[in-house]
Amino acid sequence: MPTINWQQDYEAAASDDRCAPRSRMVIPAKLRRNGARAAQTLVLDLSLAGFSALASVRLAQGSKVYLTLPGLELREAEVVWWHAGLVGCAFANLLTQREHDALLLRYGGEADGDGR
């Protein structure tokens with residue numbers, strides 16, 4: 001994966017509207033484009049409705065991807081944005097509060113106070 005300043009790029013890309021508060025954390029995961037092999041990634045924030053992660057390959061807005069988080073089954077998502085090696089996606093089916101909270105507890109994330 002390319003070397004990027006993910007904190008700076010995250011702040012720029014994360015200015016979009018969101019329907020659920022996100023928790024910042026770093027979770028090792030696998031991300032797969034439709035019809036491609038899964039690649040290792042890091043999820044940088046997570047909500048019941050979606051996530052952002054490292055993605056070295058450009059992903060087109062509206063395309064389907066599949067995310068595998070530790071301890072959870074494969075999740076389908078739709079690409080909402082991609083910018084400089086970061087991707088933001090919306091889950092096809094929401095995470096449960098229990099799933100989200102278990103990941104938050106395990107990976108020590110912190111909730112964003114303003115829902116971003």
If you measure from OG1 on T41 to CG on L86, what distance do you get to the nearest 0.5 Å?
9.0 Å
Output yes when a side-chain donor or acceptor of D45 lies under 3.5 Å from a complementary backbone atom of S52, and no otherwise.
yes
Minimum side-chain heavy-atom gap L67-L69 below 4.5 Å
yes
Qualifying ring-ring contact (aromatic ring centres under 6.0 Å, His included) pairs, either residue in residues 46-72, two or more places apart:
F51-F91
Per-pair distances, 0.1 Å, donor-acceptor, side chain in residues 72-80, under 3.5 Å, sequence neighbours excluded:
unit_1 : atom_1 : unit_2 : atom_2 : d
R75    : NH1    : L94    : O      : 3.3
R75    : NH2    : E99    : OE1    : 2.5
R75    : NH2    : E99    : OE2    : 2.6

Tell me which pairs pass salt bridge (Lys or Arg N to Asp or Glu O under 4.0 Å) where either residue lies in residues 84-97, with sequence neighbours left out.
none
Restricting to side chain to side chain contact (heavy atoms under 4.5 Å, CB included), what partner residues turn up for Q97, sequence neighbours left out?
L48, H100, D101
Kindly give the heavy-atom pair with the smallest separation between C89 and V87, and that separation in Å.
SG-CG2, 3.7 Å
Going by side-chain heavy atoms closer than 4.5 Å, which hydrophobic residues are tied to V57, directly or by a chain of links?
none
Heavy-atom distance under 4.5 Å between the side chains of L42 and I27, does that happen here?
no
Does a side-chain heavy-atom distance below 4.5 Å link R106 with P70?
yes
With a 4.5 Å heavy-atom cut-off, do Y107 and S23 have their side chains touching?
no
Atom CZ of R32 with >12 non-hydrogen neighbours under 6.0 angstrom:
yes
Does A102 have any side chain to side chain contact (heavy atoms under 4.5 Å, CB included) partners at least two apart in sequence or in another chain, and if so, which?
none
Between atom CG of L31 and atom CG of L59, what is the distance when rounded to the nearest 0.5 Å?
6.5 Å
Specify the closest pair of heavy atoms between L103 and M25, including all atoms of both residues, with the distance to one decimal.
O-SD, 3.8 Å
Tell me if a side-chain donor or acceptor on W82 pairs with a main-chain N or O of A55 at a distance below 3.5 Å.
yes
